[in-house]
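As the structure is a prediction and not an experimental result, all values here were calculated from the model. We name chains A, B, ... by the order of the sequence lines, and we start the count at 1 in each one.
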Protein chains: 2
Amino acid sequence: MKLVNILASGASAERLGSSNLPLGTMKKIKQNLRIIPLSGLGEVGRNMMLLEYGKAILIIDMGFRLPEEDMPGIDYIIPNVEYLKGKQKNILGIIFTHGHYDHIGALPYLIEWIWHPNLKIFASPLTRGIILKRQEDFPQLPKLEISKVKDGSVVKLGPFRVEFFRQNHNIPDNLGLFIQAPVGNILHTSDFKFDSYPVNDLPTNFQKLRKLGKRKILLMMSDSTGAEEEKHSLSEKIIEKNLEEIFKKAEGRIIAATFASLINRIQQIISLAEKYQRKVSLEGYSMKTNVEISKTLGYLKAKKETFINGKEILNYPDKNQVILCTGAQGEAEAVLMKITNREHRYLRIKKGDTVIFSSSVIPGNERTVQIMKDEILRQGAKIFHYKMMDIHAGGHAQKEELKEMIKIMRPKFFIPIHGQYSMLVSHAELAKEVGLPEKNIVIAENGQIINLNSKEIFIEREKIPANYVMVDGLGIGDVGEVVLRDRQMLAKDGMFVIVAVVDRQTGKVIGSPDIISRGFVYLRESKELLRETRKKVIGIVNLAAGSGGAVNWVFVKDEIRNKIGQFLFSRTQRRPIILPVVIEV
Amino acid sequence: MKLVNILASGASAERLGSSNLPLGTMKKIKQNLRIIPLSGLGEVGRNMMLLEYGKAILIIDMGFRLPEEDMPGIDYIIPNVEYLKGKQKNILGIIFTHGHYDHIGALPYLIEWIWHPNLKIFASPLTRGIILKRQEDFPQLPKLEISKVKDGSVVKLGPFRVEFFRQNHNIPDNLGLFIQAPVGNILHTSDFKFDSYPVNDLPTNFQKLRKLGKRKILLMMSDSTGAEEEKHSLSEKIIEKNLEEIFKKAEGRIIAATFASLINRIQQIISLAEKYQRKVSLEGYSMKTNVEISKTLGYLKAKKETFINGKEILNYPDKNQVILCTGAQGEAEAVLMKITNREHRYLRIKKGDTVIFSSSVIPGNERTVQIMKDEILRQGAKIFHYKMMDIHAGGHAQKEELKEMIKIMRPKFFIPIHGQYSMLVSHAELAKEVGLPEKNIVIAENGQIINLNSKEIFIEREKIPANYVMVDGLGIGDVGEVVLRDRQMLAKDGMFVIVAVVDRQTGKVIGSPDIISRGFVYLRESKELLRETRKKVIGIVNLAAGSGGAVNWVFVKDEIRNKIGQFLFSRTQRRPIILPVVIEV
């Protein structure tokens, strides 16, 4: 795999473009730009969008999301890229806005489908570092070449001229996109929030945003994740102040759990550790790698001697220790859960510990986090979490900021992106509040094709496939509705296999049928039920065979499934999956 | 089953007591009162507590809770009453504080275990009505006799004199308990909040509470459910005001979803419907029965003509309709979910509808509710939920109220009850804040035995069984760890049954092994994998049998399980449950 490694910055990058669709010709202006959200609309996570003009396709982000609760065994959900089948050669490039997995995570699963020798990939240095590090987990995939872009970089890709601009988020090096397309200018906010006093990052450059706003924006697509939250997101400055209060008062160890991707939060904790004479042990693979990447690329400042490797931290007095770890969401495999469950190799919660949960709780994880918190409290530690004081800020603009962004950019058309449907609706309301006409706002869904020209915006009648593609172990997309439904049924009432061996001559059951059951009843305490079931199975088979002539074994199996199903339900009010096996010998 | 039906009120009830343990004798005072929370501490729901003095046992509440996410197929979790085995005859009575299922729900599952002819049951009229209605779902159980008690009632049960006092909550007829025991006075708050402007209920009687507080309270046990929430719970007056705003503005139908047990909220919605010339259709079995009980007993005021039966409501103009239904939590079988999924017999969401979610979201249900909200919005309705405006108030005292309660009662000892462990800890902190000494506060857990006398409080070293007892269909307690773990494994990666028929003479596999798999891979697209698996199975069996001598079939099955497990994992990174069946013929 060979990728041209262009370092695009300013005008030099512009010259590298290979547009055969020059701007400004009437013929091209008449053509609509097609905006195709493959995913990320009506959901949080799995962001991937196509811009298609004529044949030219530009991809923005390739994220994954985590499965819903009713998808047992599934690792991730990735976008459906069926629409790109046969169009691979038209893909001019992929642009990554920032290094969070809901924007980059699907790349390793999809790259083989869409790759071609002229495909160009662009990302900021930190985003690029995270992507390349992750690719190492997929040694079978060829190495990617990714061009670095930064605030002010310009890249020309066919009919598109993309200008990158810095946006505050909770990871450094996040870039919004100002895209000049033949139909007009498009602004893509990326995930963002306004922060005038950020930590480890420059404050929001309102002057620059206003300049962009003056360049006649035909369409703005803006992050809706915070569109249901009132007012303004918290500044990282406040978070830092509150975290410092905890550091000041803590007399014992501090165990700080956060997302490994929250580089700025990690910086805050490391800085406080240094200020309060504490050493830091990094715990958790993703925490270690992300800190390593960020340090190497200069996005994280820390003294070398601050970090102590693993177990050695225990040689320091409690008041000089910080354990910085993953698992604030109660993830089963993460460090904090292992410590809590006394499964960690050398770390245990003890009286005097202060445990900081510096993250919000992702919907769906509340119970797990509650149970973990209870367990930590039982073991005698103190807990601080975001509901008790502001020690976590989300990365997403809230209502006031979103309105401000619309006012700054004054787009003609508006599409809320990134968020549950209710968030898109709320964001659309905000746009109306600041004066955009309702007809110029499009609430779109995954798989819809939005057409845009300088005069109008509309959604095509036909949709493209945009369903969930599930990753389970090595399988991508092989777990579908059928397998999932089976898993749900198996989970609910278990299964019940009946193996009957039948004499081919007499049609009678030989011996007693075997029964194998899991997840249904505790077999040792259900002997009577099993005995009755066996008797019924023998009855069903012998009746069918006794009628003489050729035995319809499909019918016999159906009979077993139905009658035994009814019988077991009448006794237990449970419906295990019943699987009859009839063997003729 | 025969129960004495005493209507206990004031002194008359007192005379009905049959104490053989007179108050005030030194011998008895020296004996400790044992307080045994069977459940409801360190969890929300499943409240059940024992007071044991000598042999005499008093039960307070018998609730159930809903299962955790990792308990597929489980209907409810109920208390473990093993401790009561053999002590049934010592149980003097059961007192129910109020009619919520986390206080009454386990009764039908447990009553047979603990019932004896002299057992007395006490509840307020509404609580009694709800309990008796529910018993009708269990026709095999004998009819219960429940004595009515109300604010001011006094009941004497062996060494205990129980005085009932009204407490505000979000269901009417909720009673706190002032219990005179030989060791001293015990105050049990029941679930409660302070509300000076409640709806459909009298305001909190602070004067009466202060009077109780002056009667030397040795121990207070107080509801901790709201102990992590700042300030004061919202008054129902505010909720009503906000709900009225919605009614004022709604031009189309109103679909209002709430808990069927929130009688006061239901009253608010019915009253508003009457005020704004709307008819009400009650949808959902529990909604209908609870309204029926409450109306019959006088706890719900509504004009007869307000209610319109089911489908007939559609004959009225949209602006004159209210659909009052269950399902605000996204419960799969409830009405709102059926309407949303277009599965309801005659109700569909349509443009112009206003959907009110008048309930908070129970932790664990967030995703389901989000997905339902999104779907309702897609169908064109407006949504109001508790995060947008105060249209729901919890039923539980928050920090300021809890402190106030402690200040009013000034107990010597304090046990926070009803709540997750973190809530108990938070409540204990509040008690310290208002001046209770730390040593007089006991954070207890289910199954611990707390000893109390006038001088001290302590927890016994030994615990009694207090684990989850799971109800699944007709089975109570028969689903244990093993079955549950199997269900979890089945859900994650499915199962894989291999049936090999072996020739007894040669030890060789006859034909090709049968494979039955569910929830693992989509079989139609995995033919190659299955072919290879069959080949491997034949190899394993033939190798074992080929060695000559008697074949150890247990060993062969283990080999199949292990080797095929490894093989499938190497190909898929999934670990289905593998179930080998070897049949010799």
Side-chain angles (χ1 to χ4, degrees), chain A residues 42 68-69 72-73 228 363-364 366-368 370-371 373-375 377-378 383 387-388 420-422 425 445 472-475 478-480 482-495 497 499 501 510 514 516 518-522 525-526 569 571-574 577 579 581 583 585, chain B residues 42 68-69 72-73 228 363-364 366-368 370-371 373-375 377-378 383 387-388 420-422 425 445 472-475 478-480 482-495 497 499 501 510 514 516 518-522 525-526 569 571-574 577 579 581 583 585:
Chain A
E68 298 282 1
E69 287 149 23
E228 293 184 299
E366 291 82 0
R367 284 299 301 162
T368 322
Q370 175 69 53
I371 292 165
K373 270 166 47 185
D374 285 353
E375 199 44 47
L377 287 167
R378 278 193 187 97
I383 284 183
K387 282 201 175 168
M388 293 166 67
Q420 294 290 147
Y421 196 80
S422 66
V425 169
E445 296 237 49
D472 178 359
L474 296 180
D478 68 331
V479 172
V482 176
V483 174
L484 216 52
R485 204 168 45 241
D486 281 344
R487 287 185 185 175
Q488 291 159 358
M489 284 178 65
L490 286 168
K492 199 167 173 296
D493 287 326
M495 55 86 167
V497 182
V499 185
V501 182
I510 303 174
D514 267 325
I516 306 155
R518 290 287 186 283
F520 167 53
V521 292
Y522 192 50
E525 290 171 1
S526 312
F569 182 75
R571 289 303 172 87
T572 63
Q573 288 199 9
R574 299 175 199 171
I577 294 187
L579 300 164
V581 183
I583 297 167
V585 292
Chain B
E68 298 282 2
E69 287 149 24
E228 292 184 299
E366 291 83 357
R367 284 298 303 160
T368 321
Q370 175 69 54
I371 291 165
K373 271 166 46 186
D374 284 353
E375 198 45 47
L377 288 167
R378 279 194 186 95
I383 285 183
K387 281 201 174 169
M388 294 167 65
Q420 294 289 148
Y421 197 80
S422 66
V425 169
E445 296 236 49
D472 178 359
L474 296 181
D478 68 331
V479 172
V482 176
V483 174
L484 216 52
R485 204 169 45 240
D486 280 343
R487 287 185 185 177
Q488 290 159 358
M489 284 179 65
L490 287 168
K492 199 167 172 299
D493 288 326
M495 56 86 164
V497 181
V499 184
V501 181
I510 303 173
D514 267 325
I516 306 154
R518 290 286 186 283
F520 168 51
V521 292
Y522 192 50
E525 288 170 1
S526 311
F569 183 74
R571 289 301 173 87
T572 62
Q573 288 197 10
R574 298 175 200 173
I577 294 187
L579 300 164
V581 183
I583 297 167
V585 292

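- Contacts of A:Ile510 with chain B are absent, with no heavy-atom separation under 4.5 Å from either backbone or side chain.
- With values rounded to the nearest 0.5 angstrom, A:Ile583 atom CD1 is found 3.5 Å from B:Ile583 atom CD1.
- When B:Thr368, B:Ile516, B:Ile577 are compared by the number of non-hydrogen pairs under 4.5 Å with chain A, B:Ile516 comes out ahead.
- Listed by chain and residue number, A:Arg574, B:Arg487 satisfy the salt bridge (charged side-chain N to carboxylate O under 4.0 Å, His left out) test with B:Asp472 (two or more places apart in sequence, or in another chain).
- Only the backbone of A:Phe520 comes within contact range of chain B, judged by heavy atoms closer than 4.5 Å.
- Heavy atoms of A:Thr572 lying under 4.5 Å from chain B belong exclusively to its backbone.
- Using a 4.5 Å cut-off between heavy atoms, B:Asp493 contacts chain A through both its backbone and its side chain.
- Considering only heavy-atom pairs separated by less than 4.5 Å from chain B, the leading option among A:Arg485, A:Gln420, A:Arg571, A:Glu69 is A:Gln420.
- Among B:Leu579, B:Ile383, B:Val581, the residue making the largest number of heavy-atom pairs under 4.5 Å with chain A is B:Leu579.
- In this structure, A:Val497 and A:Met495 have side chains that are in contact, with non-hydrogen atoms separated by less than 4.5 Å.
- Atom NZ of B:Lys373 has more than 12 heavy atoms from other residues, nucleotides or ligands within 6.0 Å.
- Of the listed residues (B:Ser526, B:Gly73, B:Ala491, B:Gly494), the one with the most heavy-atom contacts under 4.5 Å to chain A is B:Ala491.
- Atom CG of residue A:Leu474 and atom CD of residue B:Gln573 lie 4.0 Å apart, to the nearest 0.5 angstrom.
- The choice from B:Glu228, B:Glu375, B:Glu445 that makes the most heavy-atom pairs within less than 4.5 Å of chain A is B:Glu445.
- Top candidate by heavy-atom pairs under 4.5 Å with chain B, chosen from A:Gly473, A:Gly480, A:Gly42, A:Pro72, is A:Pro72.
- Residues satisfying the side-chain hydrogen bond (donor to acceptor under 3.5 Å, both in side chains) criterion with B:Arg518, sequence neighbours excluded, are absent altogether.
- In this structure the side chain of B:Leu484 reaches within 4.5 angstrom of the side chain of B:Val479, judged on heavy atoms.
- To the nearest 0.5 Å, atoms CG (A:Asp374) and OG (B:Ser422) are separated by 4.5 Å.
- Looking at B:Val499, only its side chain comes within 4.5 Å of chain A, counting heavy atoms on both sides.
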